[in-house]
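Worksheet for the structure shown next.
Numbers here are sequence positions counted from 1.
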Amino acid sequence: MAERVAALVGLADNLRMPGHRRSAEECMAAQDEIRSGLRRLHRELTGQDLPRSARPAHDTASLRHTGLQVPAALIRDRARRLRARA
């Protein structure tokens, strides 16, 4: 049991964000591997599956789509182009 926990901690320590050397798919696969290992460990310790839909309230709030911010320079440029056309 301790070896499995140490292996999961090692995977979490090696988890990196996507960049020029690591694609987003590789990062998501690493997260999924950690997540499935933790689910297996929870199942063995408690004898029941962890509910997949259970999320803290702050996680669901962060999933809401927010509008993208338009830089002020683009707004000024758009207005300048419209004035030039008129």
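Under the salt bridge (Lys or Arg N to Asp or Glu O under 4.0 Å) criterion, Arg80 pairs with Asp77, sequence neighbours left out. Judged as a salt bridge (Lys or Arg N to Asp or Glu O under 4.0 Å), and not counting sequence neighbours, the contacts of Arg4 are Glu44.
The distance from atom CG of Leu38 to atom CD1 of Ile34, rounded to the nearest 0.5 Å, is 7.5 Å.
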Per-pair distances, 0.1 Å, donor-acceptor, side chain in residues 24-33, under 3.5 Å, sequence neighbours excluded:
from, atom 1, to, atom 2, distance (Å)
Glu25, OE1, Ser23, OG, 3.4
Glu26, OE1, Ser23, N, 3.2
Asp32, OD1, Arg35, NH1, 2.9

